[in-house]
Structure formats: C-alpha cells, structure tokens
Amino acid sequence: NAGVMQNPRHLVRRRGQEARLRCSPMKGHSHVYWYRQLPEEGLKFMVYLQKENIIDESGMPKERFSAEFPKEGPSILRIQQVVRGDSAAYFCASSPIQPSQGTGRGETQYFGPGTRLLVL
Amino acid sequence: SQKIEQNSEALNIQEGKTATLTCNYTNYSPAYLQWYRQDPGRGPVFLLLIRENEKEKRKERLKVTFDTTLKQSLFHITASQPADSATYLCALAASGGSYIPTFGRGTSLIVHP
C-alpha cells in the first residue's frame, strides 16, 4: 500500500523560473493538503483541495502560487517566478474524507516525504 | 491572535526515563489536538488525536493529556529509547471552519543511551 508520493524530492530553480511540485495521495484518498516548512519554523498550511475543487486556500500567497487537483493525475502546486524566499520544504498530505470535529477518519493526515525547493 | 507554543529548546533525557513535551495554545476554541513525529528530512507521521471533551489518550508507550482550562496538552513517552529521538509536533484544530489543524514549531527530543 503505497503512501503519499511527492516528486521531485529536490528541486533547484533560479530566480524567475517556475517550480512545479507534484503529489499523489494515498490510494483511496481524495483530499489533499499542501504545507510549507521553513527552517526552524512549523508547518504552515497553504491549501486544501478535493478532486477538481479548491476547498480552502486561506494560506496561499495571493500572487505567484496556485494549486490544482485534477480528476485524473496528481495534485500540482505551482510557483511562478520563484524568489529566494520560496526556498523551503513543501509537504503534501492526504486523508480519505474531509476533517471534522475529531469524530471520524478525516483528521489524520498522511504526509509525503516532501519536496525541498532551493531557489538560487 | 491564535498561537500554539512548543518549547523550542531540545529536550535531552536518558534512555528509560519518561519524556514529557508541552503544547500550550491561546485564543483557540479547540475541536481536537494531534501529536505528530517528524524525523529529519521526512514528513510528519501521525501519533495520537485527542478530542476537546477527552482528558487522556494512550497508545502503547505514548500518553496525551488535554486540559482545556489550562489550554495545554502534555505528551508523554514512557521508557524512552534512542529510537524515539525526533521532533514532535503539536497540531490544533479549531471548532468550526474547515477543521484543518494548525501546527506548532515542534520540540526536538534527544534520548541518550
């Protein structure tokens, strides 16, 4: 039973280039979450998606960042015109159902290994 | 503003002792709280969830308490082992909204043989 898969594991980009990070959730999971982790900081929520829908993007920067989770294929986090401050580890997590008040299976998030983005 | 605080200093203990990690929060009406483990270079791994109306949860050598009056959760690892060395993250989900948890910065635990 494969876990959450992310690729690439490491990505190097020059300032101004685009970065595309991919996430394949666990089998049977249709809910995907993206987080960013900076050194010495906690995981910061970015966006929550279901298939073909963005449910909560309250943590996404207003510009340059976008996310999608198409009907077929992995979820994509896209960063346009990267800057040095975008250098971080980006984690994807998945769950089988949506989270609620702690009564079901939706609260446990299964994380991928992360993509380490370095902007030169 | 809402805050989740974990001790930023690493906790160093001897093998066999009980490790206790603390998570404090402010300005939250919690629905549930979780603890995750994160090893260097890897994604977090879920350990335990405790709901706002629960006082204590146990799983093997792990125990979590949740005091909504003190606004604090304690995470205990009994009979600690060097393999328990990792960073432990507290995550809190507020009532209402999308119930997506907010993570603390984590506390590093180092268990010495």
Side-chain angles (χ1 to χ4, degrees), chain A residues 3-7 9-10 21 23-26 29 31-50 53-60 88-116, chain B residues 2-10 21 23-25 28-55 57 59 64 66 68 73 86-108:
Chain A
V4 177
M5 299 176 69
Q6 290 188 249
N7 64 80
R9 294 291 307 275
H10 299 272
L21 288 62
C23 169
S24 295
M26 283 184 70
H29 288 195
H31 299 256
V32 166
Y33 314 80
W34 285 94
Y35 293 85
R36 177 164 62 178
Q37 188 173 43
L38 292 164
E40 307 305 320
E41 291 194 19
L43 283 166
K44 301 295 185 187
F45 168 73
M46 299 180 75
V47 62
Y48 164 36
L49 310 103
Q50 292 181 37
N53 282 307
I54 295 174
I55 307 302
D56 184 344
E57 56 181 349
S58 57
M60 284 281 268
Y90 291 83
F91 290 96
C92 161
S94 72
S95 64
I97 61 175
Q98 69 183 49
S100 62
Q101 60 266 38
T103 57
R105 296 179 297 126
E107 294 72 37
T108 299
Q109 298 195 358
Y110 297 84
F111 282 83
T115 294
R116 273 90 188 150
Chain B
Q2 294 178 325
K3 282 187 182 178
I4 297 172
E5 294 181 337
Q6 294 186 257
N7 197 338
S8 58
E9 287 187 19
L21 305 175
C23 176
N24 295 300
Y25 62 92
Y28 270 96
S29 179
Y32 64 87
L33 184 146
Q34 297 173 310
W35 284 89
Y36 285 78
R37 168 183 173 143
Q38 187 174 21
D39 290 282
R42 310 191 97 166
V45 174
F46 170 77
L47 297 175
L48 282 167
L49 178 151
I50 187 164
R51 301 185 192 105
E52 56 86 22
N53 60 348
E54 297 176 316
K55 298 293 185 187
K57 265 289 184 60
K59 179 183 176 182
V64 172
F66 197 10
T68 54
S73 174
T87 297
Y88 291 86
L89 308 176
C90 163
L92 189 65
S95 295
S98 58
Y99 293 102
I100 296 171
T102 299
F103 284 79
R105 294 187 178 188
T107 298
S108 176

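Proteins get letters first, then strands, A, B, ... in listed order; numbering begins at 1 in each.
Applying the salt bridge (charged side-chain N to carboxylate O under 4.0 Å, His left out) test to every pair with at least one member in residues 91-103 of chain A, sequence neighbours left out, gives no pairs at all.
Heavy-atom pairs under 4.5 Å with chain A peak, among Arg51(B), Gln34(B), Gln6(B), at Arg51(B). The choice from Gly42(A), Ser58(A), Ser100(A), Gly114(A) that makes the most heavy-atom pairs within less than 4.5 Å of chain B is Ser100(A).
The CD atom of Gln38(B) sits 8.5 Å away from atom CZ of Phe111(A), with the distance rounded to the nearest 0.5 Å.
Not a single donor-acceptor pair under 3.5 Å links the side chain of Gln37(A) to the backbone N or O of Gly43(B).
Counting non-hydrogen atoms of other residues, nucleotides and ligands closer than 6.0 Å to CZ of Arg37(B) gives a total above 12. Under a cut-off of 6.0 angstrom, the local environment of CE in Met5(A) is sparse, with at most 12 non-hydrogen atoms contributed by other residues, nucleotides or ligands.
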Could you pull out every donor-acceptor pair under 3.5 Å between side chains of residues 99-106 of chain B and any protein atom, sequence neighbours left out?
{"unit_1": "Tyr99(B)", "atom_1": "OH", "unit_2": "Gly96(B)", "atom_2": "N", "d": "3.4"}

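Considering every non-hydrogen atom in both Ser98(B) and Pro99(A), the closest pair reads O-CG, 3.3 Å. Residues Glu107(A) and Leu49(B) share a closest heavy-atom pair of CB-CD1, 3.4 Å.
With a threshold of 4.5 angstrom between heavy atoms, Tyr110(A) does not approach chain B through any atom at all.
Heavy-atom neighbours of chain B within the stretch residues 88-96 of chain A, taken at a separation under 4.5 angstrom, comprise Phe91(A).
Under the rule for a side chain to side chain contact (heavy atoms under 4.5 Å, CB included), the partners of Gln50(A) that lie at least two apart in sequence or sit in another chain are His31(A), Tyr48(A), Ile55(A), Gln98(A).
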